[in-house]
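Report on one structure; see the data block that follows.
Values reported hereafter were calculated over all heavy atoms of this structure, with side chains retained and with hydrogens, waters and symmetry mates removed. Atoms within each ligand, like the ligands themselves, are counted from 1 in listed order.
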Amino acid sequence: MKILITGACGQLGRTLMDIKDEDKHEYIFTDAFPMMEGVLALDISDAEAVDKVVSDNDVQVIVNCAAYTDVAKAETEEEVAFKVNAEAPGTLAKAAARTGAVLIHISTDYVFDGKTNIAYAEDAEPAPLSAYGRSKLAGECAVIASGCHYIIIRSAWLFSRYGKNFVKTILEKTSSQPSVKVVEDQIGTPTFAGDLAEFIMYIIDNDMLDKEGVYNYTNEGVCSWYDLAWEVCDLSGHLCDVLPCKTSDFPTGVTRPAFSVLDKTKVKQTFCIEIPHWKDSLRFCMANMA
Ligand SMILES: NC(=O)c1ccc[n+]([C@@H]2O[C@H](COP(=O)([O-])OP(=O)(O)OC[C@H]3O[C@@H](n4cnc5c(N)ncnc54)[C@H](OP(=O)(O)O)[C@@H]3O)[C@@H](O)[C@H]2O)c1
């Protein structure tokens, strides 16, 4: 297969680079501002450039890992967030529709408002609370409307050794501070980028690209950011007090869902997979941080 990966310098993109198998597939890794060897420049909001790379290279699968992911900043830059998270996936999807490529597009639990305490199935009514969530939902809609063959994967709370993520932030804070306060009233499920990347390659490797639809994929388990921080601190051996606090103690200007656990019944049944628990994947990730 010839696979185009966008956003290759981000958490998920870099993880996909780590597990690439060049005996099986040909890859084109791209990012808007590539700073890494083997990554080509492609701004997914440049429609002409997207069309050219998809058509000229006979791409069969596009994995869109590119996104505007700064949830707080998106509140004041909603237009930019929409350009990258909504319009650009539409452009990729139209290019895929024209050439017959399959688009694997990554979305988020933030399409939901979190005003329930029942895990969200794929067909639950989205109601994003933030500009980021609205832009990602618009991206899903643009992909579905394009007529391309697509697999949309909604994930959540990504962590890895790469980029900026909560696990790395907590590791840094707990190594340098006597205590750290973390919100206990936002509940979800962390996702190791390694597990998500393996799942994406599993779909491609096992000829499951025809299983069009929207799927939830996170690790197994449910926790608060506080629980996650506590676990990170415990595994690291850092001597720091991890203290619970409320979202209202730290106003950030962005409203996040209080409960964004995703129901994974559909993805597990459709693809016949088992998903690791977040605690196991966290342990693995932290053992391989360096
Ligand atoms: N991180 C999470 O907790 C989380 C949770 C749920 C879902 N997701 C979704 O999962 C996917 C991967 O997330 P991630 O954490 O790997 O994101 P990430 O680390 O922020 O990586 C995104 C990459 O896309 C690049 N990019 C931004 N604008 C671009 C453009 N116009 N054209 C091409 N590349 C562009 C970014 O470059 P710059 O760094 O230079 O901007 C970055 O290298 C995204 O769709 C995200 O919405 C993430």
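Contact analysis puts A156 in contact with ligand 1, with a non-hydrogen atom separation below 4.0 angstrom. Distances shorter than 4.0 angstrom do not occur between any heavy atom of T6 and any atom of ligand 1.
Protein heavy atoms come within 4.0 Å of atom 34 (N) of ligand 1. Within 4.0 Å of atom 8 (N) of ligand 1, at least one protein heavy atom is present.
Of all protein heavy atoms, the one closest to atom 40 (O) of ligand 1 is F33 CD1, 4.4 Å. Ranking the protein heavy atoms by distance from atom 32 (N) of ligand 1 puts I44 N, 2.9 Å first. Distance from atom 10 (O) of ligand 1 to its nearest protein heavy atom, with residue and atom name: I106 CG2, 3.2 Å. For atom 4 (C) of ligand 1, the nearest protein heavy atom (residue, atom name, distance) is L158 CG, 3.9 Å. Among all protein heavy atoms, the one lying closest to atom 37 (O) of ligand 1 is D31 OD1, 3.5 Å. Of the protein's non-hydrogen atoms, Y132 OH, 2.7 Å is the one closest to atom 47 (O) of ligand 1.
Hydrophobic clustering of Ile, Leu, Val, Met, Phe, Trp and Tyr side chains at less than 4.5 Å, counting indirect connections, keeps L235 apart from L243.
Ring centroid separation for the pair Y27 and F29 comes in under the 6.0 Å cut-off.
Listed by atom number, the atoms of ligand 1 under 4.0 Å from C9 heavy atoms are 43 (O). For ligand 1, the atoms lying closer than 4.0 Å to a non-hydrogen atom of C65 are 12 (C), 22 (C). Heavy-atom proximity to W157, at under 4.0 Å, picks out these atoms of ligand 1: 3 (O), 5 (C). Every atom of ligand 1 is numbered from 1 in the order shown, and the set under 4.0 Å from a heavy atom of L42 is 32 (N), 33 (C). Short contacts between ligand 1 and A66, defined as distances under 4.0 Å to a heavy atom of the residue, involve ligand atoms 24 (O), 33 (C), 34 (N), 35 (C). Atom numbering of ligand 1 starts at 1 in the shown order; those under 4.0 Å from a heavy atom of L12 are 16 (O).
Among residues two or more places apart in sequence or in another chain, the side chain to side chain donor-acceptor pair (under 3.5 Å) test is passed with N57 by none.
When each of E231, E220, R283 is paired with W278, the side chain to side chain contact (heavy atoms under 4.5 Å, CB included) condition holds for E231 and for no other.
Within the 4.0 Å heavy-atom criterion, both parts of D43, backbone and side chain, lie near ligand 1. When non-hydrogen atoms are compared, ligand 1 lies under 4.0 Å from neither the backbone nor the side chain of A8. Under 4.0 angstrom from ligand 1, the non-hydrogen atoms of K136 all belong to its side chain. Residue-level proximity to ligand 1 for A67 is carried by backbone and side chain together, each with a heavy atom below 4.0 angstrom.
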Salt bridge (Lys or Arg N to Asp or Glu O under 4.0 Å) assessment of D249 paired with K181: CA-CA 10 Å; D249 296 336; K181 284 187 179 174; over 6 Å; no

side-chain contact (heavy atoms from CB on, under 4.5 Å) evaluation trace for I151 with I153: CA-CA 6 Å; I151 291 177; I153 303 172; 4.0 Å; yes

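Under a 4.0 Å N-O distance rule, the pair K164/E172 does not qualify as a salt bridge.
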